[in-house]
Amino acid sequence: ATLTLSTTGFARAYVNGRLVDPSPLSPSRRDGDHSPRQITWDVSAFMVSDDTLNVALWCAQPDGLPCAVAARLDCRRTDGTAFAVVSDSSWLCRPAPVEEDSCGTATFDSRQWHPTWSYGDTDWARWTPVAVADGMTADAQPRADTPSGSYAPRLAVKAISTACETARDAHSVHFDFGHAFVGFIRVTLRDAVPGEAILVGDTRYICSGLTDEQLIGRFRACPWREVTVSGDGRFKPSQVQAVEGLEIGLRKERCQSRWR
């Protein structure tokens, strides 16, 4: 079974609730490029023997522009018959619990996050039919300009480093990683109050109030060496349990990835 995805942004794809590609920025694209980019994955390992079939996508543009996406799942049953599932007007969507303002500050409201949404176990009352965009297709056939199985650069988390606390006061904590890198920040919080706002760089995180929760960036890698964690009047420095840097880098692997 293969899943082919074409999108103008970045996407995280799930088949039967399982993340298909751990790459933090997929498909690969140049900064400022919003043309459709296509990638194909082998998802045979994510298929199940019964009639359960669920495909879920989380798509976004790093600059907050609307994102278009098309998907095609090609499968073959045990009796040899083939079938395909193609994204169309029957698919449903809903806004992700993250918004970006004109200044580039992203707000992630974890109270709106449904942890089992990719399994099909979600609050369907909040989902609406997709808007169909002209010209977006997911062609599962290899194209002549790029041979199937060619090597393409992929981004992966190459290292995870723990920051050291260097200063704190009643309203903030400062951390230093000891080296510069490009990637994402992951902050582990404990005993936060529901609705409490935590500030990390250009990200504003609204806490859900779970015993342990994590703030992590999506779809936008940034340069880091140090970071300050602060919050609203309810924030306490003791709530910060760990600050980690997820450093990304290029890797090469065999995949079907091509420009359209």
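For this chain, numbers begin at 1 and follow the sequence in order.
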Quick one: sort the Trp124 and Trp127 rings into parallel, tilted or perpendicular, breaks at 30° and 60°. tilted

Quick check for you: to the nearest 0.5 Å, what is the distance between Arg190 atom CZ and Ser238 atom OG? 11.0 Å

Expected output: side-chain Thr8 to main-chain His34 donor-acceptor under 3.5 Å: no

For a 4.5 angstrom cut-off between non-hydrogen side-chain atoms, does Leu5 reach Trp41? yes

Run Ser23 and Asp21 through side-chain hydrogen bond (donor to acceptor under 3.5 Å, both in side chains) and show every step you take. CA-CA 5 Å; Ser23 174; Asp21 186 351; 4.6 Å; no

Compare every heavy atom of Gly183 with every heavy atom of Trp224, then report the nearest pair and how far apart it is. NE1-O, 3.3 Å

Between Ala84 and Asp74 the two heavy atoms that sit nearest each other are CB-OD1, 3.7 Å

Nearest non-hydrogen partners of Gln239 and Ala192, listed with the distance: NE2-CA, 3.7 Å

Consider only side-chain heavy atoms of I, L, V, M, F, W and Y, link residues closer than 4.5 Å, and tell whether Leu210 and Leu189 are in one cluster. no

Minimum side-chain heavy-atom gap Pro36-Thr7 below 4.5 Å: no

Derivation and outcome, salt bridge (charged side-chain N to carboxylate O under 4.0 Å, His left out), residues Glu247 and Lys158: CA-CA 6 Å; Glu247 181 177 351; Lys158 306 294 289 185; over 6 Å; no

Enter the distance from Thr4:OG1 to Ile39:CD1 here, rounded to the nearest 0.5 Å. 9.5 Å

Which label fits Trp113 and Phe108: parallel for a plane angle under 30°, tilted from 30 to 60°, or perpendicular past 60°? tilted

Please say yes or no: joined through hydrophobic side-chain contacts below 4.5 Å, possibly via intermediate residues, are Met47 and Val86 part of one cluster? no

How close do Cys67 and Gly9 get, heavy atom to heavy atom, and via which atoms? SG-N, 3.7 Å

Measure the OG-CZ distance between Ser44 and Arg76 for me, rounded to the nearest 0.5 Å. 11.0 Å

Check whether any side-chain heavy atom of Leu3 lies under 4.5 Å from a side-chain heavy atom of Phe46, and answer yes or no. no

Can you find a pair of side-chain heavy atoms, one from Ile185 and one from Phe177, that are under 4.5 Å apart? yes

Neighbour count >12 (heavy atoms, 6.0 Å) for atom CZ, Arg204: no

Will you find, in the side chains of Asp88 and Ser90, an N or O donor that is under 3.5 Å from an N or O acceptor? yes

Decide yes or no on side-chain contact (heavy atoms from CB on, under 4.5 Å) for His179 and Phe181, but give the supporting numbers first. CA-CA 7 Å; His179 68 285; Phe181 67 94; 4.0 Å; yes

With rounding to the nearest 0.5 angstrom, report the OG1 to CZ distance, Thr40 to Arg72. 10.5 Å

Between Leu92 and Trp117, is there a shared hydrophobic cluster once you connect ILVMFWY residues whose side-chain heavy atoms come closer than 4.5 Å? yes

Out of the candidates Glu244, Gln241, Gln214, only one should pair with Thr188 under the side-chain hydrogen bond (donor to acceptor under 3.5 Å, both in side chains) rule; please name it. Gln214

Do Thr166 and Asp176 get their side chains close enough for a donor-acceptor pair, meaning under 3.5 Å? no

Non-hydrogen side-chain atoms of Ile216 and Leu246 separated by less than 4.5 Å: yes

Under 4.5 Å between any side-chain heavy atoms of Ser87 and Val69, yes or no? no

Could you tell me whether the side chain of Tyr205 reaches within less than 4.5 Å of the side chain of Val187, counting heavy atoms only? no

For residues Ile160 and Val227: do they belong to one hydrophobic cluster (side chain heavy atoms under 4.5 Å, members Ile, Leu, Val, Met, Phe, Trp, Tyr)? yes

Heavy-atom pair of closest approach, residues Pro237 and Ala170: CD-O, 3.7 Å

Apply the side-chain hydrogen bond (donor to acceptor under 3.5 Å, both in side chains) test between Ser208 and each candidate in Glu213, Glu196, Arg111; give the one that qualifies. Glu213

Go through the steps for Val182 and Cys222 under the test side-chain contact (heavy atoms from CB on, under 4.5 Å), then give the verdict. CA-CA 5 Å; Val182 174; Cys222 299; over 6 Å; no

SG-CZ distance between Cys207 and Arg234, expressed to the nearest 0.5 angstrom: 8.5 Å

Drop me the distance from Glu226's CD to Cys164's SG, to the nearest 0.5 angstrom. 12.5 Å

How far apart are the closest heavy atoms of Ile206 and Ala197, and which atoms are they? CD1-CB, 3.9 Å

So, do Phe235 and Val229 sit near enough that their side-chain heavy atoms are less than 4.5 Å apart? yes

